[in-house]
Amino acid sequence: MSINITKDDLIYPYFIQEGVNKKSAIKSFPGVYRFSIDKLLGDIEETRQLGIKKILLFGIPLSKYPDARSAYALDNIVARAVKKIKQEFRDIVIMTDVCLCAYTTHGHCKVLKKDAKWPDNKKTLEALSKIALSHAASGADWVAPSAMAKNQVSAIRETLDKNDFKDTKIMGYSAKFASNFYGPFRNAASSAPRSGDRRPYQLDFLDGKQALKKIADDIKEGADIVMVKPALGYLDIIKEARQRFSHPLAAYNVSGEYAFVKYGARQGLWDEKKMVFEILSSIRRAGADLIITYHAQDVAKWLKKR
Ligand code: PBG
């Protein structure tokens, strides 16, 4: 069975929780866990042995605040994890998700205005910049803003440059759709909005034009890598972005897309490996250079066996 990707093209996501010796299963997210930092290091070693060298980190804080302050506190969970990973492994490319939704009491990706209804873009950009800076200062190689806040890439670029982190790359979650496919992830990060939804700031799935405009905007603002998310229902966007832009292009094969495959395989509807190879190959064929996928460890094992 052939596949048109290599291990270098894959990015493996990790969820990090407080505590020690913890590896906790997540509801409706088979095969994905929340790791305490000590346990995380062990799993990264496995991933590395399998030949996957790129990881994307998501933090789950102990306490949430309306202004997401636990996301940018000096000792925030992601910053601590990054430091440890850097100490232990030199050859891992560490990417960090930069967003507020796992850290806010209301579960939105933004700081809200006093009336708690509308996002406060200025405060959101300040928070995102502080988060990105804390990750970069700890040694993150790439920061990945995913809040869909206007000008988030330029705000972060400016903060990083000012603080002498010119080499830290920015991967924009440029075209991020308001999707039904994020369910398992929201269980993992406990980041579902407590009221309302993300349609005011994530893209309408009918609007391909807006998605391409967002990608162009991120490039103008200084993104090093741009992203389309989710992947599978949006292959047309990936393809068009590939044709229009020469920037490295990532696609996020999101939690719901992953869970589909897992549950279907359990039911005997399809062969998991064949299905994963078909899906990832299609994302690649559409034009993605990099694929963020929870299947990465499995794929590496399958590739090894051949
Ligand atoms: C945070 C964020 C989300 C995902 C990645 N970053 C969820 C959301 O927007 O609600 C989803 C990833 C997945 O489903 O695997 N803004």
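The first residue in the sequence is number 1, and the count goes up from there. Read the numbers this way: they start at 1 and go in the same order the structure lists the ligands and their atoms.
- Ion pair Arg244/Glu240 flagged as a salt bridge, since at least one NZ, NE, NH1 or NH2 atom sits closer than 4.0 Å to an Asp/Glu carboxylate oxygen.
- Classification of Lys273 and Asp298 as a salt-bridged pair fails, no side-chain N sitting under 4.0 Å from a carboxylate O.
- When only non-hydrogen protein atoms are considered, atom 2 (C) of ligand 1 lies nearest to Lys176 NZ, 3.4 Å.
- Proximity of Cys101 to ligand 1, defined as any heavy-atom pair under 4.0 Å, is confined to the side chain (atoms from C-beta onward).
- For ligand 1, the atoms sitting less than 4.0 Å from at least one non-hydrogen atom of Ser146 are 1 (C), 6 (N), 16 (N), numbered in the order shown with element in parentheses.
- Interface atoms of ligand 1 facing Cys109, defined by a heavy-atom separation under 4.0 Å, are 16 (N).
- Looking at Asp218 and Lys214, no side-chain N of the basic residue comes within less than 4.0 Å of a carboxylate O on the acidic one, giving no salt bridge.
- Salt-bridge formation is not detected for the pair Lys23/Asp38: no Lys NZ or Arg NE/NH1/NH2 atom is positioned less than 4.0 Å from an Asp or Glu carboxylate oxygen.
- Among all protein heavy atoms, the one lying closest to atom 9 (O) of ligand 1 is Gln202 NE2, 2.9 Å.
- Using a 4.0 Å heavy-atom cutoff, Tyr258 is absent from the residues neighbouring ligand 1.
- Nearest non-hydrogen protein atom to atom 11 (C) of ligand 1 is Lys229 NZ, 3.0 Å.
- Seen from the ring of Tyr182, Lys229 counts as a face-on cation partner, given the 6.0 Å and 45° thresholds.
- Every atom of ligand 1 with a heavy atom of Arg186 under 4.0 Å away is listed here by number and element: 8 (C), 9 (O), 10 (O).
- With hydrogens left out, the protein atom closest to atom 12 (C) of ligand 1 is Phe185 CD1, 3.4 Å, a heavy atom.
- Remark: Lys274 is not positioned above the aromatic ring of Phe277, lacking an NZ or CZ atom under 6.0 angstrom from the ring centre and at most 45 degrees off the axis.
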Are His108 and Tyr201 close enough, and set up right, to give a side chain to side chain contact (heavy atoms under 4.5 Å, CB included), and what steps lead you there? CA-CA 10 Å; His108 281 286; Tyr201 45 93; 2.8 Å; yes
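- If you look at Cys99 next to ligand 1, the close heavy atoms, those under 4.0 Å, all belong to the side chain.
- Taking a cut-off of under 4.0 Å to the non-hydrogen atoms of Asp97, the atoms of ligand 1 that pass are 6 (N).
- Residue Ser191 places no N or O, backbone or side chain, under 3.5 Å from any N or O of ligand 1.
- Annotation: salt bridge (Lys or Arg N to Asp or Glu O under 4.0 Å) contacts of Arg157 (sequence neighbours excluded): Asp161, Asp224.
- Salt bridge Asp207/Lys209: absent, no basic N to carboxylate O contact under 4.0 Å.
- For residues 41-66, the ring pair (Phe, Tyr, Trp, His ring centres under 6.0 Å) pairs, not counting sequence neighbours, are Phe15-Phe58, Phe58-Phe185.
- When hydrogens are left out, the protein atom nearest atom 14 (O) of ligand 1 is Ser255 OG, 2.7 Å; that is the closest non-hydrogen contact.
- Contact atoms of ligand 1 toward Tyr252: 12 (C), 15 (O) (distance under 4.0 Å to a heavy atom of the residue).
- Using a 4.0 Å heavy-atom cutoff, Met148 is absent from the residues neighbouring ligand 1.
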